[in-house]
Structures are given as C-alpha cells and as structure tokens.
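Structure first, commentary second.
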Amino acid sequence: MEAFQLLARGGARFDKRRFGEDVQLFDKAKRDKGKGVERVAEGDLPAELDFFKYAQGGPAKRSARADGEGEAEGHGETSDRRKKRKLTDEDVERTEKSDEDDPPMPRHRVTTKGSNVPEHINSFQQLQEKYQIPYNLLSNLSQCGYKRPTGIQSHGIPILMESRDIAAISPTGTGKTLSYLLPVMSLLGSPISRTKADLGAGVRALILAPTRELAHQIHNECLKLAQGRKWRVVLFSKATASTLADKSVRDKIDIIISTPLRLVSALQTGSLELHNVRHVILDEADRMLDAEFLSQVQEVIAACTHPEVQKAVFSATLPAGAEKVAMSMLRDPIRVVVGLKDTPLPLIAQSLTYVADDPSKLPTLLQYLSQPYNPPLLVFVSTQPRATSLAEELVLNGIPNVDCLHAGMTRKEREDAVTRMRRGESWVMVSTEVMARGMDFKGVREVINYDFPQSVQSYVHRIGRTGRAGREGKAITYFTNDDAPFLKTIANVLLQSGSSVPEWILKLPKPSKMKRRQMGKVKRAEAVNNASRVGRNDAIKKKEMIAGSKRRKEKASLKTQGSGAEQGSHSESPDAYRSLA
DNA sequence: AAAAAAC
C-alpha cells in the first residue's frame with residue numbers, strides 16, 4: 001500500500017508540476033484576454049507565446065488563394081513582399097466572421113462505414129443524456145475550454161460509448177485524443193474501487209503511442225480529465241515500471257499510457273499483466289502498425305485476453321496496408337473518416353521552395369530567419385546528427401533561442417526541450433521525425449521541412465504541427481535536385497489541400513518512372529548526404545568526393561543558378577528539373 | 001524505399 005502511495009504520488013507529483021505549468025499559462029492567458037480579436041478561450045496565447053510583437057509583419061494571415069498570392073508564396077514571394085504583408089480588410093473580415101459563425105474547428109465531411117453506426121452527437125451535453133457520462137468528466141471538459149465537439153469527437157465518442165471497435169481517421173489537430181480519452185474514462189466508470197469485485201484486478205485501459213513525448217502529452221490530457229477523482233493514470237516509464245513489482249500496486253491502476261517496447265519488456269519480465277484490460281487504443285495507428293512496431297503491438301494486444309476488450313485505432317493518415325492490418329485486429333469495426341484521408345488541413349498554407357542542393361539549404365534558412373517570422377518555428381530534418389548540427393549552425397549564426405530535439409538525446413534533455421517549447425522559450429526548434437506526430441504546440445504557426453519528407457504520411461504529420469485547433473498555419477518545404485523522384489507526390493498533396501503548386505512540377509513525369517531513371521545514381525549520393533553533417537564536416541566531405549565527381553559536376557553547374565536565398569519566382573522549372581520534363 | 005523511434 002505504501003508502495004502504491006509512492007507510485008501514485010510520485011507519478012502524480014511530477015505530472016502535477018507539468019500540469020501546474022499548463023494551468024499557470026492558462027491563467028495568464030485569461031488575464032491577457034482581450035488583446036486580440038481572433039483569440040478564443042481555448043486558443044488564448046499566454047504572454048510567453050505572444051510573438052507577434054517580435055514579428056513586425058504581424059500574424060501571417062493567409063491571403064485568399066483566388067487573389068493570386070498563393071501562387072507567389074513560397075516559390076516566388078520575395079522577402080520584400082513578405083515583410084510588407086499586412087492584414088487586408090478581407091482577412092480581418094474573415095477572421096471576425098469565423099469567430100462568430102464557425103465552430104472553432106473547420107467543418108469536414110464525415111463518412112462512416114460499418115454495421116449499426118451509432119448516431120453522432122452535436123454537443124457534449126448530449127453525452128450525459130444519452131450515455132450518462134459522469135458529470136465530473138463533463139465539468140472537467142468545460143474547465144479545459146472544450147465547448148463543442150469536433151467532427152471526430154461527435155462521431156467517434158458515441159461509437160466508443162456503445163462499446164464498438166473503431167478505426168478513426170481525422171486530420172491533424174482536430175481533437176483525436178479527447179475522442180478516445182473521454183469515452184474510455186467514462187466507460188471505466190469510476191476509478192478502481194477496491195470494493196467492486198466485478199471490475200476485476202489489474203489495468204483496465206491501455207493507450208499506446210509511438211513516442212515518449214506523445215505518451216507524455218496524452219498523459220497530461222488524461223490528468224486534466226481526471227481532476228477531482230482518484231484516477232490511477234500511469235505514464236509508463238522505467239521509473240514507474242520498477243514500482244510495479246508489487247502486484248497489489250499494479251492491480252489498482254486504471255489506465256496505462258505507454259510506448260510499445262516499454263510495455264513489452266514489462267510483460268516479458270512478468271511485472272505486468274494485461275488480462276483485465278477492457279480498452280486498447282492505438283494512437284498514430286499507422287505508425288504503430290508499421291514494420292518496426294507491429295510485432296511489439298501484436299504482443300501487447302495478445303496479452304489483453306479479456307473477452308470483451310474494446311480496440312480502437314486513431315490517426316490522421318492510414319495507408320491501405322496499415323488499414324488492412326488495423327481492420328483485421330478489430331471486431332466488427334466502424335470506420336470513420338473525417339475530411340480526406342492522408343490530406344493536410346486546408347488551413348495550412350503550404351509551399352515548396354527550390355534549394356538546388358544540401359549546402360544551399362542553410363543560407364536559405366538563414367535568409368528566411370533574417371525576415372520577420374512567427375516563432376516558434378518548427379524545422380524538420382532527416383537524421384539526428386543533422387538536427388544537432390543544424391541547431392549548432394543556427395546558433396553560430398546568431399539566431400536566438402534555437403532548440404533541438406531528437407531521440408538520441410537523454411530523457412531529461414528531451415523533456416527540457418519540450419518544456420521550453422511549451423513555455424514559448426524556443427523560437428526555432430530543429431527536430432527529427434520524433435516531433436512529427438501528435439505533438440500539440442498551440443503556438444506553432446510555421447513549419448519548415450528543411451529535409452524533404454520521406455513519405456506523404458510524414459509530410460502530412462509534420463506540417464500538421466501547425467494549423468491546430470482551427471488556427472491557421474504555414475508550411476514551407478525545401479526541395480533539392482535529389483528530391484525529384486518524390487516531388488510530384490508531395491505536390492499533389494499540396495494541391496489536394498488547397499495550396500497552389502507551380503505548373504512545371506505538376507508536369508513532371510510519374511514518380512515511378514523518375515525513380516527508376518534516377519534512383520541508381522541518386523540513392524548513393526543521398527546516403528552520403530544524409531550521413532553528412534549540415535554545412536561542414538571534413539570526413540564526410542572526403543567521402544563525398546569519392547562518391548563521384550560526376551555528381552559534383554552536376555551540382556557545380558546548378559549552383560550558378562543561385563542559392564535558394566535569392567531565388568525569384570519558380571514558375572519556371574530549375575535547370576536540373578527541366579531535363580526531367 | 002528508408003530513417004527514426006521504441007529499450
């Protein structure tokens with residue numbers, strides 16, 4: 001019992017501290033209310049996140065695509081133009097209108113598939129009437145500023161409440177976490193009570209996420225909903241795992257939130273049983289079901305032997321292959337798709353920027369950072385060393401408040417980086433794919449794909465770090481000559497979600513054809529590039545020399561075209577691409 | 001197709 005107290009307190013204390021921070025920010029935000037027109041309760045920016053005072057261009061309002069600016073943006077937008085951009089009357093009007101009429105979230109078409117689909121709800125209050133959701137949960141909900149359900153919430157929650165399995169696909173930043181936390185906590189009824197034998201002994205709900213950071217974030221959300229009741233919500237880590245040695249302790253846990261491998265190792269050492277688990281949620285389902293995670297996830301699910309275990313998968317993207325695997329795991333599932341699958345939010349203004357080659361990226365970014373921008377800016381790179389060295393380069397070049405986050409860092413370093421980000425202390429956050437999924441930093445207005453994303457899914461999730469909870473966002477993707485084989489695929493995604501793409505990119509040959517043509521020589525070069533540190537690294541430079549003088553000759557001729565920084569409009573294709581057309 | 005992340 002003492003051990004349990006320790007666990008509960010230890011876990012809770014730590015999280016209260018984190019949560020306390022949030023509360024602090026939230027309170028501060030309340031005090032600062034009324035500063036800006038477009039700020040709604042949930043979206044209040046704490047003073048720490050009020051970067052507009054630094055960015056003289058003001059909030060980068062998205063201009064209507066119809067006025068032709070969309071085309072210019074990114075490819076051709078000159079620094080001058082970007083600097084001068086101001087709110088137009090039309091923009092202001094739109095902002096005000098959306099505040100009055102529109103829900104905080106954009107409306108999406110919702111399609112459901114499956115047998116006996118429960119009717120969706122239109123308000124959270126309806127949940128009380130229809131499903132007797134505990135009042136405590138609803139009151140915590142409104143405490144957190146949730147007013148009306150988003151698309152996935154209004155459709156997903158009833159499905160889960162009726163104990164059905166679900167595969168839910170909903171765009172980034174549309175409230176998926178709440179869609180499963182609320183019903184799971186409601187179905188669990190009350191925190192485990194030692195007197196009710198029918199609840200069984202042992203963990204009753206399990207939430208799996210692909211990264212530590214995301215698990216942590218889900219835990220925080222869960223604690224918000226858990227306020228006022230003695231829920232045992234455990235963020236599974238090495239520390240908590242060791243306190244579970246005592247079976248009477250682990251039998252009293254309500255919900256575990258964890259990454260798969262952590263859980264698998266606990267299962268293998270016998271320090272955890274999952275036979276009483278009634279709800280299993282896979283967040284970022286497609287990621288959880290890809291090659292590296294699949295066997296771990298399967299092992300965990302196999303350990304959930306309770307006959308009435310409810311399973312649910314959630315993601316913004318779900319490629320056909322992953323969907324098949326997911327569906328095979330679910331029992332009589334209902335499939336809910338909000339908006340278009342594998343598509344970013346139209347509220348994110350996306351653009352592509354040509355940067356010729358890897359060495360040209362840094363000057364392009366520095367040039368960008370010398371202009372007014374909206375911090376915090378999230379910069380994605382492909383590898384850990386590149387994240388570290390890009391962050392170093394930016395610091396050396398005098399960029400203030402640069403941070404870095406990748407999985408090669410220690411647990412504490414990673415936590416600190418996230419904390420700085422949450423507090424608004426980071427202005428430029430350089431990161432790998434760790435940050436690409438699920439992370440919810442409300443203040444992020446801009447994402448830069450410094451290294452080209454390796455898949456449509458990666459692209460959608462990365463840029464989905466902005467444009468959250470109905471806010472606007474901006475995403476810029478650098479592309480080099482080496483990215484040619486994948487450019488068109490990504491360009492189609494931009495097009496699909498309402499951003500514009502230069503004609504010439506759309507005219508590129510089919511990716512498959514180009515891949516065949518280019519792969520052989522490009523692949524090797526890319527491997528070297530990926531390993532190389534950004535900018536300078538003599539050892540790698542040497543390797544690169546060996547890699548082929550042929551490729552360098554190509555590069556040399558391209559450089560004369562100017563580094564991306566001075567690029568004008570790219571309505572014309574760069575030379576390197578012209579030969580592909 | 002491949003890196004990252006999971007420990």
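Since the structure is predicted, the reported quantities are computational estimates derived from the model, not experimental observations. Letters A, B, ... mirror the listed sequences (proteins, then strands); counts begin at 1. Only heavy atoms go into these numbers, but all of them, side chains included; no hydrogens, no water, no symmetry mates.
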From CD of A:E299 across to P of B:dC7 the rounded distance in Å is 15 Å

>> Under 4.0 Å, heavy atoms only, any strand: does A:P260 hit a base, just the sugar-phosphate, or nothing?
In response: nothing

* What does A:R287 touch in the nucleic acid at a heavy-atom separation under 4.0 angstrom: a base, only the sugar-phosphate, or nothing? -> base

Note to self: Less than 4.0 angstrom between a side-chain N/O of A:R386 and OP1 or OP2 of B:dA3, yes or no?
What the structure shows: no

- Task: Check if the side chain of A:E292 and the base of B:dA4 share a donor-acceptor pair of N or O atoms closer than 3.5 Å.
- Result: yes

A:Q384 CD to B:dA2 C1', in whole Å, measures 15 Å

In whole angstroms, the gap separating P of B:dA5 from CG of A:D286 amounts to 17 Å

Atom CG of A:L263 and atom P of B:dA6 are separated, to the nearest Å, by 14 Å

Paired with A:E213, the salt bridge (charged side-chain N to carboxylate O under 4.0 Å, His left out) test is passed by just one of A:R414, A:R422, A:R437, namely A:R414

query: Between A:R414 and B:dA6, is there a side-chain N or O to OP1/OP2 distance below 4.0 Å?
result: yes

Per atom distances to the A:L261 side chain, the nearest of B:dC7, B:dA5, B:dA3 is B:dC7

Report task. Could you walk me through whether A:D440 and A:R465 pass salt bridge (charged side-chain N to carboxylate O under 4.0 Å, His left out), step by step? Result -> CA-CA 7 Å; A:D440 187 35; A:R465 291 323 95 208; over 6 Å; no

Q | A:K176 charged N/C atom sitting above A:F314 aromatic ring, 6.0 Å / 45° | A | no

Atom CZ of A:F380 and atom P of B:dA5 are separated, to the nearest Å, by 11 Å

note: A:Q454, atom CD; B:dA2, atom P; distance rounded to Å ~ 11 Å

message = Is the phosphate of B:dA5 approached by A:T432 (side-chain N or O, under 4.0 Å from OP1 or OP2)?
response = yes

A:I207 CD1 to B:dA6 P, in whole Å, measures 18 Å

A:Q296 atom CD is separated from B:dA5 atom P, nearest whole Å, by 14 Å

- request: Return the orientation label for the A:F479 and A:Y354 ring planes: parallel under 30°, perpendicular over 60°, tilted otherwise.
  value: tilted

Test side chain to side chain donor-acceptor pair (under 3.5 Å), reference A:T317, set A:D286, A:T343, A:D342, output is A:D286

A:S458 vs B:dA3: side-chain N/O to OP1/OP2 distance below 4.0 Å: no

